[in-house]
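A short worksheet on the structure shown next.
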Amino acid sequence: MLLFIGNVDIAYHLASFGSVQRKSKIRMKRKIYWSPYSKRTLLASTEQEAENETSWKQSYETRRVPDQQDNTNDEEEAEEENMNRVIKELSQRFDWPKESLSSKKQVSVDPILFHEPSFLQSHSYEDFIKESEQAKKRNHVESMDTESFMRLFENARKGWLSCPQCKGLAPPEEIEKWGWCSYCHAEIDLKKSPAEILYPQEEEKKTDKQKKSDSIRNVSKRVVQREWNVSCSKRALETINPIRQLVQGMAVKPNPDKKLIPLSIGDPTAFGNLRIPREAMKVLSKVLAEDSAHGYSNSLGNDIARSSIANKYSSKHHSITKDDIILTCGTSGALEMIFNALCNPGDNVLIPRPGFPLFKTLLDNLGVEVRYYDLDPHQQWQIRLEQLPKLVDSRTAALVVNNPSNPCGSVFSYSHMMAILEIAQRLCIPIVADEVYSDMTFSGSQFFSFGSLSEYVPILSVGSVSKMFVAPGWRLGWIIIHDRQRLLETGNVIQGLRQLSMRMLVPSSPFQMVLPTLFSDSCKSDFVALVETLEDHAKFTVDSLSKIRGLSCTSAPQGSMYCMVHVDSQSMGFQDDMEWATQLLAEESVLVLPGQCFQAPHFFRIVYCAPKAVLNEAFSRIRRFCENHQTN
Ligand SMILES: *Cc1c(COP(=O)(O)O)cnc(C)c1O
């Protein structure tokens, strides 16, 4: 019995090409080792080498030559199945006539062709036959049965090279490594070409240069291994939206007897009660009817739209122009573009906890490390500023702040913002300000933009029409560049952003045309009404929920559309906020997002955009649910 390394194909070669008979030639440089990885035997020169051969465990299987009796039938069947597969594949991929392959007839083959994987990979049946006919004239021909031929062919197609002595095929890296054939154990002179080994007289005529380029070593370098392998990029697979994942993980159905009330998604259009300003709709209809805005826009956005944003966000002390504005695919697109411009893989960015999950999703995708700083639930969700210096290092590319906040519903005070700016200045770190809820603040709170306050720290502020103007589907957002000390300009960040805007012409032409109207006085009353409604709903939410045992709003909302509610899930017999929210959905058909979605366990987030009657119904159900589950 002979043990050797190889797969079924190799076993076949051993048998069919007679290397077994040639075993007198075998020079046992290697011993046989038991491999704990593959639970099989390995040939190797030293034990260490055998241990190192972990890759063999994947690509090779050690089998016995067919004198072994066990499983023979199974193996034969598998062999035949494999053969049929190869026949089918070959005939499809290379237009090889099935009849030419299926019979057991003998095939005349030029053995040199099996040293030309690129030929076999790319040529048709006719080409192959033609070459073999030519070879016949040169006496370069061997006869083999179809099956052997096909096994050779299949492996040659993978880019494996054959041993000139026994024709057994092996991956080029292996031949390179050992310098001798793993089947017949003949030494392979890598400097020689296969033809030189097989037909020495004839090859004498070739020049040294020709010989060198055909050498096995060089051919093995030229081998391109192509097989069907359409696989997903690492990047894409690592792109995960935690909300989607967690919500899908909840894996329960709402109670079929109760209408679902989704207080989970931050889409103000969800219930139809909040609407885009009417005047803006008139303008949009007009723009569309005029057929005047169907063309490509400037990649940064058109001048009228950008000027209207610049006007809106200019302040007494700091005026901005259209050149400081880039239109984007919503706030999300703005954030993606900024992270792309500021960060290299391996850099890190500070983001809030609790916070909007998209920050992490985008940063993960770019290979940027996420570092969380905490917001204090008992201090109106202000930043725990003392944490920031500890999180920063030489590769910190940005501090992301989100004000007014999703999910917290908080609004930073003037003094807190000044404190943030002071620290950012001390740490020399630019601020990315997600201000998608700008001006959406309730009485007692005022919105300041970081851009208007920052004398020194560069601010990249982002916003959109999504929430302010109740039009998330428009996908129209912007970046406002505040760079009073020209720090971003010096570092080419602005140039980078402009270049990134050219990847795809994102800003949709008709929607841009409506921006001046949205920011004009004609839409002001709609905006004021929107915020009043939200404020009323926020108050109703806090009033209703804080009366429920086990729930508390540690900091009442000051703006945006959200409220974070603390839930003592254990007092209701639940493990955590996730289980609490899952069960609420199952029993009461009310969907809220567990705090875990925002890195904030023990909380859940409520979106209070729904009509008051709907909120009222939802809150009664939540009350009943909490009361039913109280354990004492
Ligand atoms: C909704 C939201 C966004 C995304 O806004 P789009 O303009 O729709 O992309 C970004 N940041 C925060 C904090 C949000 O709540």
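Whatever order the structure lists them in is the order used to number ligands and atoms, beginning at 1.
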- Minimum heavy-atom separation for P507 to S297, with atom names? O-OG, 3.8 Å
- Among F412, F598, F603, which one satisfies ring-ring contact (aromatic ring centres under 6.0 Å, His included) with W381? F603
- Message: At less than 4.0 angstrom from any non-hydrogen atom of S464, what atoms of ligand 1 do you find?
- Response: 7 (O)
- Short list, please: which atoms of ligand 1 are under 4.0 Å from a heavy atom of R475? 6 (P), 8 (O), 9 (O)
- Just checking, any donor-acceptor pair under 3.5 angstrom between side chains of T331 and S464? yes
- Message: Taking 4.0 angstrom as the limit and counting only heavy atoms of N402, give me the atoms of ligand 1 inside it, by number and element.
- Response: 13 (C)
- atom 2 (C) of ligand 1: closest protein heavy atom, distance to 0.1 Å, is K467 NZ, 2.5 Å
- Query: What atoms of ligand 1 come within less than 4.0 Å of a heavy atom belonging to G330?
  - Reply: 7 (O), 9 (O)
- Query: Short list, please: which atoms of ligand 1 are under 4.0 Å from a heavy atom of V436?
  - Reply: 11 (N), 12 (C), 13 (C), 14 (C)
- Less than 4.0 Å between a side-chain N and a carboxylate O, is that true for R549 and E627? no
- Message: Taking 4.0 angstrom as the limit and counting only heavy atoms of N406, give me the atoms of ligand 1 inside it, by number and element.
- Response: 13 (C), 14 (C), 15 (O)
- Just need the protein heavy atom nearest to atom 15 (O) of ligand 1, so name the residue and atom and give the distance. Y437 OH, 2.5 Å
- Message: Among all the protein's non-hydrogen atoms, which is closest to atom 10 (C) of ligand 1, and how far away is it?
- Response: F356 CE2, 3.2 Å
- Message: Looking at E535 and K539, is any side-chain nitrogen of the basic one under 4.0 Å from a carboxylate oxygen of the acidic one?
- Response: no
- Query: With H629, which of R624, E587, Q583 fulfils side-chain hydrogen bond (donor to acceptor under 3.5 Å, both in side chains)?
  - Reply: E587
- Message: Give me the residue, atom name and distance of the protein heavy atom closest to atom 9 (O) of ligand 1.
- Response: S332 OG, 2.5 Å
- Run the contact test for D434 against ligand 1 with a 4.0 Å cut-off on heavy atoms, strictly below, and give the result. yes
- What atoms of ligand 1 come within less than 4.0 Å of a heavy atom belonging to T331? 4 (C), 5 (O), 6 (P), 7 (O), 9 (O), 10 (C)
- Message: So, using ring-ring contact (aromatic ring centres under 6.0 Å, His included) as the criterion, who are the partners of F619 when residues are at least two apart?
- Response: F540
- Could you tell me whether F519 and F527 have their ring centroids closer than 6.0 angstrom? no
